[in-house]
Structure formats: C-alpha cells, structure tokens
K.L.:
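Would you mind keeping the following structure in view while I ask a few things?
Heavy-atom basis, side chains included; hydrogens, waters and symmetry copies ignored.
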Amino acid sequence: MTATGRLRRRTLLRAAAAATAAGAGGCARGTRPVQVAVVWSGSELARFREVVAGFSAPVQVVGVGNDIDAFLAARQLAGTSPDVAMLSRPGLVVEYARRGWLTEVTPAASYAVPAGMADLLTADGRRYGVWIKAAHKSLFWYLPSMLAEPPRTWDALVALTRRLGARHRAGTGPAPLAVGAADGWVLTDWFENVLADIAGPGGYAALARGDGDWQDRPVRQALDRLAELWSIDGAFPGGGRRALLTQFEESVIQVVHHRDATMVFEGDFVDAVGTRFRRGTEELAAFRFPGARIADQPLIVGGDAAVVFAGSAGGVELVRWLSDAAAFRPWLEAGGYLSPNLAVPADSYRDPVRRRLAVELRDAETVQFDLSDQLSGTFTGTDGVGIWRIMQDFFMDVTDGVSAAEAVRRATGQLAETARTAGRQR
C-alpha cells in the first residue's frame, strides 16, 4: 500500500470511530432526529443550527471537519450514513449518486438558481442535491483610506501593482497585494477568474467536464497573465516565499490589521475575517475581479449543496424545506450569508455588501462555478495534491525568477498529466 493509501486508510478509520460515537449519541435519546453532516464550524455552524430549528422535526447537526469525503465514506462503510450532508464539490455529488449512496431530491417551488449552477447536481438526468449556500468568489477587498481608485481592468491592476510594488521596495508604502498562497484553493480561485475571462463559458465548461485541453491556448494565456502580475517585484509582503507560508486568514489580517498590503483577493467571506481582526472601525470595501476590458468582469461562485443518503425519508423532507426561499431567513437577518436562490429578495439581506452581491448574482449574464470543485478524483485538489499543488508550484516558480514561458510550460504539463490520471481513475 502506498503512503497516500495508508494515510487515507487512517483517515477513514478515525472518521469511522467518530461516526460510531455520533450515531450512538443520536439513538440514545429515543426518536432519532434527522442527522446532517456539515464542514462548518464557529458562527456558520451556529447560524445553520438556528435555521434548522425552524424545521418541523428535530435536526442533529454534526460538524465533521474539513475532510467530509473521508467521514462520509467511513459512515457508508459502517452502515451509519447521516440523513443529509452538505457538499461543496458537485463532482462528489455525482460520484456518490452513481455509487448508489444518494436518493433523488425535489426542491421547493421557489427554488431557482443561476444557470451555471442548475445542472451540476444531476446524474443521468436525475437531481441528487440542491444548492443552499453560495460564495461570490470574484472580489478584491481593500480599505478606502489605502486605495483611492480601484483598478477597473486587468492592465490597470498590473499598472497599480507595479507602482505600489516600487514604493514598497523603497520602503515608502505597503505591498500592493496579500495572498494566502499556503492555501492552494486561493491560487486556484485566482486562476479560475482569469481563465473565465479568457476562455469564455464554453472553454471553461469543457475543462470542468474533462473534455478540454489543459495545454491549449486559453490555459496558457491565463497562466501567462497571472505570471505577469505575480512576478512583479515587491508585489507581496515579504515576497513570494513568505506568501507561500501565508494562509488565507493571515492574508486578510495583513490588509485590515497590520496594513502591510493594500488589497486582498477572495470571496465574500473575507469581510467576516476582516471584521474580526480589523484595527479601528474602517470597513472593507470591494471591487469585482477585473477582466481584460471594463465590460469583462468574471463571476465565479462556489457553494454548498444538500444531499440525502439513500433510505432517509426525513432527509428528503428536510432538503426540500431548506431549498425554499424563506428557510434561511434567520441567517439572512444575522448577516454573513449569500443565498444561491434567486427567489430570495435582495431587500432580505441585512448587510449591504451581500445585498449588492445578491443583485450581481441575479443580473450576471454568465455565472461559472468553481472549477477545482468540479474536477474529478485527486485532480480536484487538497493540501499538497492536485490542482492546488500545481498552482502553488507555479506561484513559486514565477515569484522565484523562473521565466514566465518556462513556468507556464511546467504548469500546463502537470495539469495535463494530472487530468489524464484522474480520467483513468473514474
């Protein structure tokens, strides 16, 4: 057995032990509640529990950590699957459905999501999940006191980074960009936004389906565009090597607390981190990820889907209820939540940031779902694996003096080979 296989087996065994304990706890009270497995923790977990408190039957929400795939595989093996699970990877939903683990679901009449998300949870023409939470992943965040005029095009972003990078090298200002490159998903989000602008909906979707060529021109152009920006001297606090040790939350802290950087790119969840760690009362502002032209603004979304494991009638009822536009009102009123359901009125949002983002989601001509979350097998990425690792290698190359042409050649070669391997594993 390989080292990866041994690690996976240990993970499954630990998850199985936790699963047995969680299952026993639910049964000890007599009538078993509908059990829901989630990756959320902290305030997100608390808010979701407030939501399901409004359901007509008892609901037990179990936080299972980040590797929900290992947890669910262990539960399935033990015959103790939860009724419902929240999954962020549509590819995993399809994989589970084809293994026979899931049952079909029917959403509420008020359920309406963007076209770019609608068909991702279907297998062989049947629906096996509904989207219940969205993430807007095409945003740059900054403090207005540190940036008077946000760039509106990619070239303007590059020019601003060069100018601020020169000041940073001279010791007269913060670095232009913070990036949590230690988290590979941050770098794939960068790549996906640029790729969506260059490849268009058809080329982006082909790569997600496994039909596209990872060495074709749009991929090379997207990587070349990133190399142009990331290789700018002085772009990041402490340089590229320090950025590769910086995790997502720390990158936000570099902007809102230490003021070591002017801008940070990531999804709508940045503001929650910013509010927690900011120095003073100034609130973050956001602008859309710039495309090649002012009119070109990519919109990448992520999300969490609710699926029901086979044989759970209570799970089917809960998921249908969760898909209704009114179900998440407690979380909407508390803030920090973006609904994928276009039937939710914009004025339902308490905080103005998400009210604006909900309008952008509704008005967008094209919405593209997070590409890495759609990829199959090990290509999808996790710490040190798949597209996450490839993008970290690419970032290390372009920030360490490797020419853009050579860095792009290496990355596209790795992407193509990993895609082929994942295809053979299906």
Side-chain angles (χ1 to χ4, degrees), residues 36 38-55 59 61 63-66 68 86-88 113-114 117 130-143 180 183 185-186 189 247-253 255-257 264-289 299-306 322-362 367 369-370 373:
V36 184
V38 303
V39 298
W40 302 321
S41 60
S43 62
E44 285 187 307
L45 181 60
R47 297 302 182 204
F48 183 65
R49 284 178 170 149
E50 290 175 12
V51 168
V52 297
F55 186 54
V59 178
V61 183
V64 302
N66 289 329
I68 194 169
M86 301 297 170
L87 300 176
S88 61
V113 297
M117 300 175 71
V130 296
W131 296 108
I132 54 93
K133 189 173 184 290
H136 186 309
K137 304 186 82 172
S138 296
L139 298 168
F140 275 86
W141 298 83
Y142 67 100
L143 293 170
D183 291 318
W185 56 269
V186 172
D189 286 349
Q247 295 183 315
F248 159 68
E249 283 200 350
E250 186 184 349
S251 71
V252 180
I253 293 169
V255 173
V256 301
H257 187 82
V264 60
F265 156 75
E266 250 313 329
D268 63 277
F269 38 84
V270 164
D271 67 339
V273 181
T275 299
R276 193 159 78 247
F277 292 105
R278 70 186 178 189
R279 187 179 72 211
T281 59
E282 186 177 14
E283 295 185 357
L284 284 166
F287 63 91
R288 280 280 291 277
F289 196 105
L299 180 48
I300 304 297
V301 299
D304 293 289
L322 288 171
S323 70
D324 187 86
F328 279 80
R329 183 168 290 126
W331 205 339
L332 283 164
E333 293 175 353
Y337 172 77
L338 181 64
S339 176
N341 194 340
L342 303 181
V344 174
D347 59 10
S348 300
Y349 290 87
R350 186 199 69 175
D351 60 285
V353 171
R354 277 168 187 77
R355 190 179 308 132
R356 182 193 119 199
L357 299 182
V359 171
E360 289 186 3
L361 197 63
R362 180 177 291 110
V367 172
F369 195 84
D370 186 298
D373 284 342

K.L.:
Between W141 and F269, does the ring pair (Phe, Tyr, Trp, His ring centres under 6.0 Å) criterion hold? Intermediate values first, please.
P.N.:
CA-CA 11 Å; W141 298 83; F269 38 84; 9.0 Å; no

K.L.:
On a heavy-atom basis, which atom in V264 and which in V255 lie closest, and how many Å separate them?
P.N.:
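Taking every non-hydrogen atom into account, CB-CG2, 3.9 Å.
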
K.L.:
Do side-chain atoms of H257 reach the backbone of F277 as a donor and acceptor pair under 3.5 angstrom?
P.N.:
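Confirmed, H257 side chain pairs with F277 backbone.
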
K.L.:
Considering all heavy atoms of both residues, which atom of V186 and which atom of E266 are nearest to each other, and what is their separation?
P.N.:
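Minimum heavy-atom separation between V186 and E266: CA-OE2, 3.6 Å.
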
K.L.:
Flag the pair V301 / L361 as yes when at least one side-chain heavy-atom distance between them is below 4.5 Å, and no otherwise.
P.N.:
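In short, these two side chains touch, coming nearer than 4.5 Å.
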
K.L.:
Can you tell me if S138 uses its side chain to pair, donor with acceptor, with the backbone of I300 under 3.5 Å?
P.N.:
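Such a contact is found between S138 side chain and I300 backbone.
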
K.L.:
Find the distance between CD (E250) and CG (D183) and round it off to the nearest 0.5 Å.
P.N.:
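If we round to the nearest 0.5 Å, E250:CD and D183:CG are 10.0 Å apart.
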
K.L.:
Kindly indicate, with the supporting measurements, whether the criterion side chain to side chain contact (heavy atoms under 4.5 Å, CB included) is fulfilled by V64 and V38.
P.N.:
CA-CA 6 Å; V64 302; V38 303; over 6 Å; no

K.L.:
Are the side chains of M86 and K133 in touch, meaning some heavy atoms are under 4.5 Å apart?
P.N.:
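No, their side chains stay 4.5 Å or more apart.
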
K.L.:
Test side chain to side chain contact (heavy atoms under 4.5 Å, CB included) on V273 and T275; report intermediate values, then the result.
P.N.:
CA-CA 6 Å; V273 181; T275 299; over 6 Å; no

K.L.:
Return the minimal non-hydrogen interatomic distance between V51 and A327, and the atom names on each side.
P.N.:
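So the two residues come closest at CG1-O, 3.4 Å.
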
K.L.:
Let's go through R350 and R355 carefully: what are the C-alpha distance in whole Å and the side-chain angles of both, what is the deciding distance for side chain to side chain contact (heavy atoms under 4.5 Å, CB included) to 0.1 Å, and is it a yes or a no?
P.N.:
CA-CA 7 Å; R350 186 199 69 175; R355 190 179 308 132; 5.6 Å; no

K.L.:
Between R354 and D271, is there a side-chain N and carboxylate O pair less than 4.0 Å apart?
P.N.:
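Yes, this pair counts.
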
K.L.:
Is the backbone N or O of W331 less than 3.5 Å from a side-chain atom of R47, with the two atoms forming a donor-acceptor pair by type?
P.N.:
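Such a contact is absent between R47 side chain and W331 backbone.
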
K.L.:
Checking A53 now: which residues fulfil side chain to side chain contact (heavy atoms under 4.5 Å, CB included) with it, not counting sequence neighbours?
P.N.:
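A53 satisfies side chain to side chain contact (heavy atoms under 4.5 Å, CB included) with no residue once adjacent residues are dropped.
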
K.L.:
Would one find more than 12 heavy atoms of other residues, nucleotides or ligands at under 6.0 Å from atom CZ of R329?
P.N.:
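No, because the 6.0 Å sphere around CZ of R329 holds 12 heavy atoms or fewer from other groups.
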
K.L.:
Give, for atom CD1 of I132 and atom CG of D324, the distance between the pair rounded to the nearest 0.5 Å.
P.N.:
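These two atoms lie 13.5 Å from each other.
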
K.L.:
Within the structure provided, determine whether E249 and R276 are in side-chain contact (heavy-atom separation under 4.5 Å).
P.N.:
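With C-beta onward as the side chain, the pair touches.
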
K.L.:
Roughly how far apart are D373 CG and S88 OG, rounded to 0.5 Å?
P.N.:
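D373 CG to S88 OG: 5.0 Å, rounded to 0.5 Å.
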
K.L.:
Measure the shortest side-chain to side-chain distance between L322 and F48 over non-hydrogen atoms and say whether it is less than 4.5 angstrom.
P.N.:
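Yes, side chains in contact.
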
K.L.:
Mind checking the CZ-CZ spacing from F289 to F265? Nearest 0.5 Å is all I need.
P.N.:
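Atom-to-atom, F289:CZ and F265:CZ are 5.5 Å apart.
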
K.L.:
Once ring-ring contact (aromatic ring centres under 6.0 Å, His included) is applied, do any residues pair with Y349, and if so which ones, sequence neighbours excluded?
P.N.:
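For Y349 there are no ring-ring contact (aromatic ring centres under 6.0 Å, His included) partners, ignoring immediate neighbours.
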
K.L.:
Crowded around E50 CD? As in, over 12 foreign heavy atoms under 6.0 Å?
P.N.:
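Enclosed.
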
K.L.:
Do K137 and D370 have side chains that approach each other closer than 4.5 Å (heavy atoms only, starting at C-beta)?
P.N.:
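Result yes, sub-4.5 Å side-chain heavy-atom pair found.
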
K.L.:
Counting N and O atoms only, with roles assigned by atom type, does the side chain of D304 sit under 3.5 Å from a partner on the main chain of L87, one being a donor and the other an acceptor?
P.N.:
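No: the side chain of D304 does not pair with the backbone of L87.
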
K.L.:
If only atom types and distance count, is the side chain of N341 paired as donor or acceptor with the main-chain N or O of A343 below 3.5 Å?
P.N.:
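Checking the backbone N and O of A343 against the side chain of N341, a donor-acceptor pair under 3.5 Å is found.
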
K.L.:
Do S251 side-chain atoms and F248 backbone N/O form a donor-acceptor pair below 3.5 Å?
P.N.:
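Between the backbone of F248 and the side chain of S251 there is a qualifying donor-acceptor contact (under 3.5 Å).
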
K.L.:
Got R279 and V256 here, is their nearest side-chain heavy-atom distance under 4.5 Å?
P.N.:
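Heavy-atom side-chain distance check fails, nothing below 4.5 Å.
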
K.L.:
Can you confirm whether more than 12 heavy atoms, excluding those of E282, are under 6.0 Å from its CD atom?
P.N.:
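Yes, because the 6.0 Å sphere around CD of E282 holds more than 12 heavy atoms from other groups.
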
K.L.:
Got a second to check how far L342's CG is from M117's CE, nearest 0.5 Å?
P.N.:
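Rounded to the nearest 0.5 Å, the CG-CE separation comes out at 9.0 Å.
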
K.L.:
Would you indicate whether the side-chain heavy atoms of V52 and V36 approach each other to under 4.5 Å?
P.N.:
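The answer is no; the side chains never approach within 4.5 Å.
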
K.L.:
Quick one: closest heavy-atom pair of V130 and S323, and the distance?
P.N.:
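Result for this residue pair: CG2-CB, 4.0 Å.
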
K.L.:
Got a sec, which residues hit salt bridge (Lys or Arg N to Asp or Glu O under 4.0 Å) with R356, two or more places apart in sequence or on another chain?
P.N.:
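Result, salt bridge (Lys or Arg N to Asp or Glu O under 4.0 Å) vs R356: E360.
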
K.L.:
Out of curiosity, D347 CG to L332 CG, how far, rounded to the nearest 0.5 Å?
P.N.:
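Taking CG in D347 and CG in L332, the distance rounds to 10.5 Å.
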
K.L.:
Taking C-beta and beyond as the side chain, do V270 and L139 meet within less than 4.5 Å on heavy atoms?
P.N.:
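Counting from C-beta outward, V270 and L139 never come under 4.5 Å.
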
